[in-house]
Peer 1: 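Questions regarding the structure given below will be posed in turn.
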2 protein chains.
Amino acid sequence: MGRNKEEAGASSGRSGGRRVTLARIAEELDVSAMTVSNAYNHPDRLSGVLRGRIFETARRLGYHGPDPVGRSLRRQRTDVVGVLYSNPLSYAFDDPAAVSFLSGLSSVTEEADLGLLLVPAARGVSGERDPRAAAQAAVDGFVIYSMSDREPLLAAALDRRLPAVVVDQPFKAGVPFVGVDDEAAARTAAEHLLHLGHRRFAVASFALSPDVRDGIANPVRQERAAFSVSRLRLRGYRAALEDAGLPWSGVPVYECPGSSKEFGQRAAGALLSPGRGPTAILALSDQLALGVIAWATGRGLSVPEDVSVVGFDDIPAAAGADPPLTTVHQDHAEKGLRAGRMLVSRLREEDGPGAGPLATRLVVRGSTSPPHER
Amino acid sequence: MGRNKEEAGASSGRSGGRRVTLARIAEELDVSAMTVSNAYNHPDRLSGVLRGRIFETARRLGYHGPDPVGRSLRRQRTDVVGVLYSNPLSYAFDDPAAVSFLSGLSSVTEEADLGLLLVPAARGVSGERDPRAAAQAAVDGFVIYSMSDREPLLAAALDRRLPAVVVDQPFKAGVPFVGVDDEAAARTAAEHLLHLGHRRFAVASFALSPDVRDGIANPVRQERAAFSVSRLRLRGYRAALEDAGLPWSGVPVYECPGSSKEFGQRAAGALLSPGRGPTAILALSDQLALGVIAWATGRGLSVPEDVSVVGFDDIPAAAGADPPLTTVHQDHAEKGLRAGRMLVSRLREEDGPGAGPLATRLVVRGSTSPPHER
DNA sequence: GTGAAAGCGCTAACAC
DNA sequence: GTGTTAGCGCTTTCAC
């Protein structure tokens, strides 16, 4: 028989100074802690009556089930997936591509009953993120989203030898990868403009390396870019133009610190200002492309008559833009689904989806046309 | 002196079957576990030399710092904030208002070096979410975003007696709240249309209760709505119309299961179909309003000439819509900031921002005009 | 069906 | 500066 003594303020999980634990409930009912644990984790291993008394006592004492941390320590798993991002977290929510990605990822993790932990990693002086963040995250695995090649945070995460999936960049041997063929996709974008007859190009790029710059990036910096996505897209553009006999040295690449409409406007200002500017602008992202268009139309230039603009990503706003944006489509939500499924299957030690790049396709809309005679 | 024996495969954190722990490093160097712990947590309490040997040995053995779970158990804190959402997680990423909110919230939590855990809570048959999710989340506090009034998940979270903040709904005595005065704000939206001369109204609403419906909701269901945001906005509309002498019974309220452009189109189909329809539609969200506009223009009706439409939220797409949407502005990112600051200050047991509703304002754009004579 | 023993990995508090 | 003790709350294993 339980002693059943009333506790003052028993309604709170931490009243009276002492937290209510499994052991406390067990003591109260003169059963073992194991039995109380079983009541929550293996209800079939108890008589219904005892289970009822346990829950009743728990309710009375303000106990709301096994402490998740004690549980995780003992079971050696947390049922949480960590997400590592190359930028401050709040940037992710301002980036439509990242949001679509997280939407896909979260639908898989939630389905698998796993939490999604957005890992906070303060940015250091060099633009790199605090690697200790990866060591301190209580997770069963990582989804690493779009990191630069030699980011210490990435190394720290992989060092933990937990299941991990890398998305977009960088490609690391031995680590499952989800992404597209950026070089080939960028190439099709440039070829589209070449077919239309353009000969004078400029590029609006987002960051090439964590040590962010704002200005024209020379070919050396381009090839050394720590962000492989940037490097590969530039390579794709370059290959297409050089195949058409155009010297890459004549193509200014404006590097913005980030990927936003505002930066796109700034890039446009630098690229389009002088009299005889480019007739076509290749943007590494839709956000940048939209900024370019906004700047151009704001200056009385018309798109595509005066300048053609091509983006990359096909974010939701691309189709609705004025003019609708010609861009390289990639399925960001699908990336999240795929990354999630790969990681979940690894956590369960089952077979999951295989590797191989996701598809892209050029979507021709209203922001490109043959160059206008000037 | 350390024994320094080489271990096979020492490069992995869990090689040789046995995980590498603090104690293992301590043993290797013939120091106490405490000293190794101090090397990571209180570097100033060791000689630089010893610290160096410890890190060197850790590196050699593949130890990457104290296990986060063991650490959390001992310290009785996780440095993680849990986010509870009224819908499946992936919906949050498809809702521009929620995304802005998370952007604001994450910037505060990251600044405070706290992780953000998106808690997975499967949806039960009644539309309610699994309350066990709240009991199993390893967090120091909760941000509860837009729950229905009697959601078991909400009760389960509050039962844990952790610091918590509720955003948008429901208002619970004793729990810090962040939100706007929905009733007053909705009222201004309806008054705007009344001033323009409208007399025939209809409402496009998102869910009133977790047991989702799709169709006209009668006044009883309206008043019983478990989502206080829905209830209050409807009350605001109603108060304005009744003050103008219009009977609420003449105003159809179409309840959609969710808040999306697609649902808005469906609502418009039901509300605008018959010959003599409303001249103005009040939508409980911009997403719904945008759907209404899309349906109307797709049917050859022009907005605002044939129907005026007012939204609620002022999401980024509202200003760029065609026509630009008249709507009630509220600052979702600010909500996230405020909720984050309130919670962080509570976790630190400091004073934080006080209560009080955030401001809203009616933004008149192109989707409203005086009613056209028919 | 129920329980005893053991220990998951770590650090606060306090010696020395 | 470094070490000792103790225990955070839980569940695996195995016995009964």
Side-chain angles (χ1 to χ4, degrees), chain A residues 1-2 13-14 17-54 58 61-79 135-140 160 162, chain B residues 1-2 13-14 17-54 58 61-79 135-140 160 162:
Chain A
M1 279 294 168
R14 34 178 51 177
R18 186 172 150 209
R19 279 184 73 186
V20 183
T21 66
L22 259 190
R24 176 78 184 74
I25 307 295
E27 185 189 309
E28 186 79 8
L29 286 169
D30 269 339
V31 297
S32 76
M34 213 35 248
T35 299
V36 180
S37 172
N38 281 332
Y40 288 94
N41 297 304
H42 304 281
D44 48 306
R45 294 190 194 162
L46 286 74
S47 65
V49 181
L50 179 52
R51 201 167 62 233
R53 288 175 55 217
I54 288 174
L61 263 40
Y63 180 76
H64 299 284
D67 178 89
V69 178
R71 190 165 203 259
S72 289
L73 180 60
R74 178 63 241 216
R75 305 179 50 188
Q76 293 291 87
R77 43 186 268 240
T78 60
D79 292 329
Q136 307 200 14
V139 299
D140 294 338
R160 284 185 60 182
L162 296 174
Chain B
M1 278 295 168
R14 35 178 52 175
R18 186 172 151 211
R19 279 184 73 187
V20 183
T21 67
L22 260 189
R24 176 79 184 73
I25 307 295
E27 184 188 310
E28 186 80 8
L29 287 169
D30 269 338
V31 297
S32 78
M34 207 43 242
T35 299
V36 180
S37 172
N38 281 331
Y40 289 94
N41 297 304
H42 303 280
D44 49 305
R45 293 190 195 164
L46 291 73
S47 65
V49 181
L50 179 53
R51 202 169 59 234
R53 288 175 55 216
I54 287 173
L61 264 38
Y63 180 75
H64 299 285
D67 178 89
V69 178
R71 191 165 201 260
S72 289
L73 179 60
R74 177 63 239 216
R75 303 178 54 193
Q76 294 292 82
R77 44 186 270 238
T78 60
D79 292 329
Q136 306 198 8
V139 299
D140 295 338
R160 284 185 61 180
L162 296 174

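Keep in mind that this is a model prediction, so the values were computed, not measured. Letters A, B, ... mirror the listed sequences (proteins, then strands); counts begin at 1.
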Peer 1: Partners of Thr78(B) by side chain to side chain donor-acceptor pair (under 3.5 Å), sequence neighbours excluded?
Peer 2: Asp140(B)

Peer 1: Which heavy-atom pair separates Leu22(A) from Tyr63(A) by the least distance, and what is that distance?
Peer 2: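 Distance-wise, the nearest heavy atoms are CG-OH, 3.5 Å.
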
Peer 1: Could you run down nucleotides 8-16 of chain C 5' to 3' and tag each one B, S or - for protein heavy-atom contact under 4.0 Å?
Peer 2: BBBBBB---

Peer 1: Return each pair, listed once, that meets salt bridge (Lys or Arg N to Asp or Glu O under 4.0 Å) where at least one residue sits in residues 39-52 of chain B; pairs must be two or more places apart or across chains.
Peer 2: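 Qualifying pairs: none.
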
Peer 1: Could you tell me whether the phosphate oxygens of dT2(C), OP1 or OP2, come under 4.0 Å of any side-chain nitrogen or oxygen in Thr35(A)?
Peer 2: no

Peer 1: If you round to the nearest 0.5 Å, how far is CG of Leu61(B) from CD of Glu28(B)?
Peer 2: 5.0 Å

Peer 1: Which residues pass the side chain to side chain donor-acceptor pair (under 3.5 Å) test with Arg77(B), not counting sequence neighbours?
Peer 2: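 Checked Arg77(B) against side chain to side chain donor-acceptor pair (under 3.5 Å); matches are Asp79(B).
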
Peer 1: Got a list of side-chain donor-acceptor pairs under 3.5 Å for residues 32-40 of chain A, not counting sequence neighbours?
Peer 2:
residue, atom, partner, partner atom, Å
Ser32(A), OG, Met34(A), N, 3.3
Ser32(A), OG, Thr35(A), N, 3.3
Ser32(A), OG, Thr35(A), OG1, 3.2
Ser37(A), OG, Asn41(A), ND2, 3.3
Asn38(A), ND2, Met34(A), O, 3.4

Peer 1: Pick from Leu46(B), Val31(B), Leu29(B): which one makes a side-chain contact (heavy atoms from CB on, under 4.5 Å) with Arg53(B)?
Peer 2: Leu29(B)

Peer 1: First and last nucleotide of DNA chain D in contact with chain A, 5' to 3', at under 4.0 Å to a heavy atom: what are they?
Peer 2: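 It runs dG9(D) to dT12(D).
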
Peer 1: So how far is it from Gln136(A) CD to Arg160(A) CZ, rounded to the nearest 0.5 Å?
Peer 2: 9.5 Å

Peer 1: Return the value, rounded to whole Å, for the distance between atom CG of Leu46(A) and atom P of dG1(C).
Peer 2: 9 Å

